[in-house]
Structures are given as C-alpha cells and as structure tokens.
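This report concerns only the one structure given below.
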Amino acid sequence: MGGAHKVTTSAASASSSSSSTRRSFLSGFWSSVRRLGLLELILLGIGASIGAGIFVVTGTVARDAGPGVTISFVLAGAACVLNALCYAELASRFPAVVGGAYLYTYAAFNELTAFLVFTQLMLDYHIGAASIARSLASYFVSLLELFPFLKGHFPSWIGHGGKEFFGGIVSINILAPILLIILTIILCYGVKESSAFNSFMTSLKVLIVIFVVLVGAFEVDVSNWTPFAPNGFKAVVTGATVVFFAYVGFDAVANSAEESKRPQRDLPIGILASLVVCVILYVGVCLVITGMVPYQQLGEDAPLAEAFTAKGLKFVSILISIGAVAGLTTTLLVGLYVQSRLYLGLGRDGLLPKIFANVHPTRHTPIHSQVWVGTVAGILAGLFNVHELSHILSVGTLTGYSVVSACVITLRWKDKATNRTPLRCISSWLEGVISLIIVACGGFAAGLCYRFGASYIYLLVAVVIAILAAAALHFRQAYADPAGFSCPGVPIIPVASVFFNIFLFAQLHEEAWYRFVILSLISVVIYAIYGQYNAVPVSSEHSVVYHGVPSEAA
C-alpha cells in the first residue's frame, strides 16, 4: 500500500480522540528522551564525514588533478549542498521520527520503493563499516608502533590487513571486530553517552586538522601550485566524482530526529553547517599539502603525514596519526548509529521483524538493531577482505540521495485539477514522476557519454532532454510551500541534484551496476514474500509517524 495513501488516511483519523491521546503520549515520551542539541548535531555530521577522505583521498586525487584537487573538493561540496538542501527540508518536514531516506521515500512514494532504497543503503553501510573498521585497526596499530618497544610486534592478523586464506577470499583480522564491539557497547549504553564520545573525538580531529593547516601554511611554496591543473579541467571534474564521497555523512543528522531537542529548527541547520565546515577543512588541507610538496611526490596511503615528514616535521605526523584514528572512529561510530535507526524504522513499519523496533526502556536506544548492525559489521571485518568490495560501494548512497531529492518535489505537489487539464492518458502525479525518471535517465546518459569520451553532441542531447523534463516539472506542476525550512528553487535545485547524482552513478564500476540490479531484484522478492504481508496496517499511529505531509501530496 502506498505511503501517500497511508498519509491521507492517517490525516483523516488524526481527529479522533484516541489518536490525539496517542500523539500527546508519544510527543511527551520522545521529548523526555531527546538529548542532542544543535552543536552536537553539527559535530555528528562532521564526525560522519571527516575520516579517511581528509587523510587519504586528498593525495590519491591530487596525483591526477594536481593542486586542482582543491577545485575538485569545491565542486563536490557544491553538489553535496544541493543534496543537503533537500535533506534539510525533509528533516524539517518530518521532525518527529527516525528513518532518513527510507522515511521520506515511504511518505512520498510507497512501501516497495522505500524498501528498495533501504536495502541499497544498508549494503553500503554494512560493507563501509567493516572496511572502516579494518582501516581503523591498521591506523591504531600504527599509532601503537610509534612506541619503540612495540614496533614490529603486531602480526598481520591483529591489525595490519589480515591473515589470508583460500587465495585471499578469507582474511582474518582480530582487532577490527573488537573495535566494533566497543563502539556498539557505547551506542547501546545511551544516546547522550555516545554523543559525548563522538563530540570529544570529532572536536579532537577538527582541532588537529586546523593545527595541521596552520603549521603547514608556513611551509607552503606557492611555486608548487603551478600548473594548477596539469592534466586539464577534465581531470579536476573526474576528481570531483571521486571526492564527492568524502562528504557523505551529513544525512546522519537527519537520522537523529528522535534524539534532537529542537528537530524542526536544528536538523536543517545541523545538516548545512556540518557540510560547510567539511568543505572549509578539505579545501584548507588540499591547499597546504599541494603547496608543501609537488603533487607528483604525494603518497597515496598517507599523503598528509608523508608531506610533513618530508619537511622534517615528524611531531605533526604523529598528530596526524592521532587525528586519523579519531576521524575513523567517529565515522564508524556515526555509521553504526545511522544503520540502527534505519532498522528501527523498518521494524516499526513491519517490513522487518518487530524485534528491530524494540527500544530499551531506560537507555532509550534500539538495542537489538544496534547489536545486529555491530554483529554484521564485525563478521565482515573479521573474516573478509572487505576493501576488495569497495568498487561496488556508493551505489546505495547515490540512489538514496537521488530519491530524497525527488521526494522534495513530489511532496510539494499540489492538486492542479482546477488549474489545468492533465494529459488524457495519465494523471498529473504520474506525469511528474515520468518527468523525474527522464531527468535521471538524462543524467545517466550524460554520465556515460562523459565516461567513455563520446561526442559532445550526444552529451548535449542528453542534457537538453533532461532540461525539457525539468521544464515540464516547473511549468506543469504547482508547488506548495512547506512549514519550517524550505529548499529554495524547487523544482530546479532538486532536479539538478538528481541529475548530478545519477551522472556520478554512471561513473561507478560496472560491477556496481550489476550489484544495483541484483540487490533490487532480491529486495522485490523479500518484499513480495514477507514485507507486504507484515507491513503495519493503516492506523492512527501513522498520523504521528508521518505527520506534516500535506494532503495534496496524495
């Protein structure tokens, strides 16, 4: 049953006395457990984003883009701002509950589409968490080996990589699961406690990055910035498609709705502020390392530390190692936090077993969901070389971002029956959805043309088709202004977000496309067998969960 239908039915039932009683009870309950203020939300978003990107990706991309990697981060940040504006509006529209992209898709489209988005996101999250845990274990051991009496005493199966068996298919690592267990315990213990830990670690790594930038600024040789884009602007744009994923994480703020003290005000500010801080930090680091060392000499594993070591600043390299441990820890912590909240939303709606919806009576944390998330990540990190799966990542993130941008448009639509006559064969709502699909297809086609070096004529045709579809969305639909934060330029900004996300989707490895199709088919089968029969029926409860959606959206 479609989410929009449930919203309409729920709105009708909201006038009943039982619904009002339940709403007041739930509102009072959640207000009593809300722990996160604005600063904590901003630190949550920064903690989810600033990790391996600032300590590793900068050097990798700079080898191709040169000092122009700075522009790559600016372009990627600008693209992420489009996504962040869409997330900010929906976070303000749905301030009561967790769910993020899943919740927004559920309300704007239907259960099946929401479930598809959930499964794509969760595979990214599970593999990503396991991969980050292994990187964290390696950095942690490297930090310990700074003490001379410990250097060389850690076998590979403890932290560095893993002990491989069966040709590398199985790779045993002990430290990564232990670190995941510790972080899972912190998250299960309570939102306030885990937020305090995240705030401390995030503040530590931000201070270290700022210190590194300030110290490095005195070692910059501006001649290293010439030429600024040695391999041309195309290499800079290609770099933007890579570093785009260094910003992924601001959506974690949207998934903390139930723990936010003032969600309708703080969630949009937290999303946008955390993204802006990340852009500033990335740009500062890029300018410093490309100015300190010629881009050709930057390492790919630890470029920041190597740049300072080359200048004889060994003590700064030690601080960078500490910052890397803090950065990966917070990224992993917030990632596990977000995953559990998504499982919580699915459990409440009946698309997953109800055990995932259980919340601890005193800690107010989804303890079963949290333990499940930690267990899955621990098994992957402890037994497999998950870094080999990195080329199939980011599919879920780009899919989720695209759908969220589309949700902003569909939830803004008003009934235009009195304003214009829809096409004879389809409804006004379906016409709009088809236009959105055409925009997405145009973005994918343009991405393929760019990736494989096709004639610019074909790329131009794809862009023009997408523009025509965007024009149809602009002129043939009417849009309501939502309460709370409003994404500017609707439908243009959300359309641009969809187009660019799918453009990046086309840059991914072919195996990532296969993974998208196969996982989508598996998700449809699971929904057909289990989800549609166990989904929570229409009731007054949904008037609480999905409040704030205008009836015109139906």
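In this chain, residues are counted from 1 in sequence order.
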Looking only at atom types and distance, does a side-chain atom of Ser274 sit under 3.5 Å from a main-chain N or O of Gly45, one as donor and one as acceptor? no
Test item: Gln370 side-chain N/O and Ser340 main-chain N/O as donor-acceptor pair under 3.5 Å:
no
Between Gly216 and Val288 the two heavy atoms that sit nearest each other are CA-CG1, 3.7 Å
Under a 3.5 Å distance rule, please check whether Ser138 uses its side chain to pair with a backbone N or O of Ser135 as donor and acceptor. no
Evaluate Thr309 against Ser317 for side-chain hydrogen bond (donor to acceptor under 3.5 Å, both in side chains), listing each step before the verdict. CA-CA 6 Å; Thr309 301; Ser317 299; 2.8 Å; yes
Nearest heavy-atom contact between Ser402 and Asn501 is OG-CB, 3.1 Å
Between Val283 and the options Ile71, Val69, Val74, the side chain to side chain contact (heavy atoms under 4.5 Å, CB included) test singles out Val74
Heavy-atom nearest pair, Ala469 first then Val439, reads CB-CG2, 3.7 Å
>> Can you tell whether the side chains of Arg515 and Asp124 come within less than 4.0 Å, N to carboxylate O?
In response: yes
Value for CG (Leu82) from CZ (Phe499), rounded to nearest 0.5 Å, stands at 12.5 Å
Original post:
Tyr87 vs Tyr104 aromatic rings, parallel, tilted or perpendicular, using cut-offs 30° and 60°?
Top reply: perpendicular
Item to complete: Kindly say whether Gly47 contributes a backbone atom to a donor-acceptor pair with the side chain of Thr330 at under 3.5 angstrom?
Response: yes
Taking the side chain from Gln120 and the backbone from Val117, do they hold a donor-acceptor pair closer than 3.5 Å?
-> no
Query raised in the report: Does any N or O in the side chain of Lys311 come within less than 3.5 Å of the main-chain N or O of Val293, such that one atom is a donor and the other an acceptor?
Result: no
Examine Tyr401 together with Phe250 and report whether their ring centres are nearer than 6.0 Å. yes
So CG of Leu187 and CD of Glu193: to nearest 0.5 Å the spacing works out to 11.0 Å
